[in-house]
2 protein chains.
Amino acid sequence: MTNRNVVSFENIKVACKNCGLATLCLPMGLSPEDMERLDSIVKRGRPFHRGDHLFREGDNLHSLRVITSGSVKTFTPSEDGGEQVLSFHLPGELIGLDAIQNECHTCSAKALETTAVCEIPFHNLEELSSSMPSLQHQMYRLLSREIGQDSEMLTLLGKKSAEERLATFLLSFSERFKKRGFSATDFFLSMSRHEIGNYLGLAVETVSRLFTRFQDEGLLHVERKHVQLLDLPRLATIVHGNENGRPHQRHV
Amino acid sequence: MTNRNVVSFENIKVACKNCGLATLCLPMGLSPEDMERLDSIVKRGRPFHRGDHLFREGDNLHSLRVITSGSVKTFTPSEDGGEQVLSFHLPGELIGLDAIQNECHTCSAKALETTAVCEIPFHNLEELSSSMPSLQHQMYRLLSREIGQDSEMLTLLGKKSAEERLATFLLSFSERFKKRGFSATDFFLSMSRHEIGNYLGLAVETVSRLFTRFQDEGLLHVERKHVQLLDLPRLATIVHGNENGRPHQRHV
DNA sequence: AAAAACACTTGATCAAGCTCAATACAAATT
DNA sequence: AATTTGTATTGAGCTTGATCAAGTGTTTTT
């Protein structure tokens, strides 16, 4: 999420109403008064550094967290040191929702770079949402959105080829950066190739080869974490499975 | 979900308080009075038949639905007639949660057999939950649970071998049937091999071969849709990736 | 009852992508 | 500046599971 047109969030966001992310985030759609009430329960702590855990699988749920700058991966660690990356989160995104069910986190979250978050103590949030229908509504929507996103990911992992997976991944970041006021075609990926592969259900080597191939085909320019997308339309074609002609794609 | 010890739900469930599923379902944990209030907004319609749509992708969200008997698959249809099966639902499970975000269903739902449902108009539910903290809490929990389940599925599709996938699938049904008072080791799967494969990200042929192999290895007896699990412990071992020795498993 | 349509199984072959291995490159440490 | 460590790339070969194909059994239709 490092990017040149970044405006250093840390200095601005002291309250939701002054936060550039308010339109993407939990207070989206709240009246100024309601936003004020929500703001009163939000805690803003010191930033996390690369590799720091925001929380670990098994931790009790205290707060939901919104990324305000930086980026985070969530993942489920497995016994043998392996892990499954569940998602990468950018500013404005709410994490910890999986923990509501049993008041216990079912995944871990780690900062991919220097990252600031707003903490929202869940019990306070729940109480507040009881007396604030618009906040309750927003919570339902955000929870539902998460479910919808997971479904898309299931389709990606269940049906798509390696090529389609990486193209989908890149366009997803493109859109999300754009929505946050950054370039849709020129950005830094804060995660490693290993983490990308893990997330997409691919081996590191496959990810690396695909980046090389995409570059050779003029779809993008890549140098380490810096990616420049050169042909969004063609990437979009790949995402939808090379409709015309459809070479190899997994069983339909 | 056809099963001999089934007690014909249709005749009993006329109100939540008399419903055997109340402990699994939305009213779980509600006081008798609150359950009564919830009950007042629930609609119970005529049953769906095998192949009937409960709703289609793109439909406006009117109601969430709880299966009361039978079973349902949810899936996202793709242009070319293909689909990705997202999940199979048994009695007591709430479906349509993905539609809350945009008040529009993002997947379709089809009855796998004769199926009865309770409809809960979402706007009424939302309103009611505003004045009923325990119901709001329950909604948050159910939405969160769905997210957690999806995460498990992501791990399955991202990391597990075909063998592990089918074993996981079978034990999941075993537990869910058990929770509903049915046999954990002897049940009918209401979906086709094709649908199982689609759900697990495998080809039909692979599913068929695995059933045969599992049977040859004495893990189960299978005859068409009728499955008898003969060795739960060994199936559980397979689920966790054959820890000891770990022959083939996908990149960790 | 026969025919058609559908679902499942089994076999043979193939390829996408994984694994192993070596090398290149970058960043951190001395 | 040199060494170490971690990350990324590239190559060669192998394996899992997909695809193609044929055959069997089941259900539905006529």
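- A donor-acceptor pair is defined here as one N or O able to donate and one able to accept, closer than 3.5 Å; no such pair exists between the side chain of A:Asp186 and the backbone of A:Ser183.
- The aromatic rings of B:Phe182 and B:Phe177 lie perpendicular to each other, with more than 60° between the two planes, well past the 30° mark.
- A tilted orientation is assigned to the rings of B:Phe88 and B:Phe173, their planes being inclined by 30° to 60°.
- Atoms CD (B:Glu223) and C1' (D:dT26) sit 12 Å apart, rounded to a whole Å.
- From B:His194, atom NE2 reaches atom OG of B:Ser208 across 13.0 Å, with rounding to the nearest 0.5 Å.
- Rounded to whole Å, the distance from CZ on A:Arg213 to C1' on C:dG17 is 11 Å.
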Short N/O separations, protein against nucleotides 5-13 of chain D, under 3.5 angstrom:
residue, atom, partner, partner atom, Å
D:dA8, OP1, A:Arg193, N, 3.3
D:dA8, OP2, A:Arg193, N, 3.3
D:dT9, OP1, A:Arg193, NH2, 3.4
D:dT9, OP2, A:Arg193, NE, 2.9
D:dT9, OP2, A:Ser208, OG, 2.9
D:dT9, O5', A:Ser208, OG, 3.0
D:dT10, OP2, A:Thr212, OG1, 2.6
D:dG11, N7, A:Arg209, NH1, 2.8
D:dG11, O6, A:Arg209, NH2, 3.4

Chi angles and distances behind the salt bridge (charged side-chain N to carboxylate O under 4.0 Å, His left out) call for A:Lys225, A:Glu113
CA-CA 13 Å; A:Lys225 316 221 154 193; A:Glu113 61 192 305; over 6 Å; no
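- Evaluation of the side-chain contact (heavy atoms from CB on, under 4.5 Å) rule for B:Thr76 yields A:Thr155, B:Gln84, B:Leu86, B:Cys107 as partners, not counting sequence neighbours.
- Rounded to a whole Å, the CG atom of B:Leu210 is 9 Å from the P atom of D:dA18.
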Test A:Asp52 against A:Lys110 for side chain to side chain contact (heavy atoms under 4.5 Å, CB included), laying out the working first.
CA-CA 6 Å; A:Asp52 289 349; A:Lys110 220 181 216 187; over 6 Å; no
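- Atom CG in A:Leu200 sits about 16 Å away from atom C1' in C:dA16, given to the nearest Å.
- Taking atom CG on A:Leu202 and atom P on C:dT19, their separation rounds to 11 Å, with Å as the unit.
- For B:Lys159 and D:dT16, the NZ to P distance is 18 Å, given to the nearest whole Å.
- Taking atom CG of B:Asn198 as the reference point, atom C1' of C:dC8 lies 16 Å away to the nearest angstrom.
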Evaluate B:Glu217 against B:Arg234 for salt bridge (charged side-chain N to carboxylate O under 4.0 Å, His left out), listing each step before the verdict.
CA-CA 10 Å; B:Glu217 292 172 352; B:Arg234 207 135 58 89; 5.1 Å; no
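- For the helix from C:dA1-D:dT30 to C:dT30-D:dA1, the angle separating the two terminal helix axes comes to 40°, with each axis derived from five pairs and the value rounded to 10°.
- The closest donor-acceptor contact from the side chain of B:Gln228 to the backbone of B:His221 lies at 3.5 Å or more, if one exists at all.
- Atom pair B:Leu157:CG and C:dG17:C1' shows a separation of 17 Å (rounding to whole Å applied).
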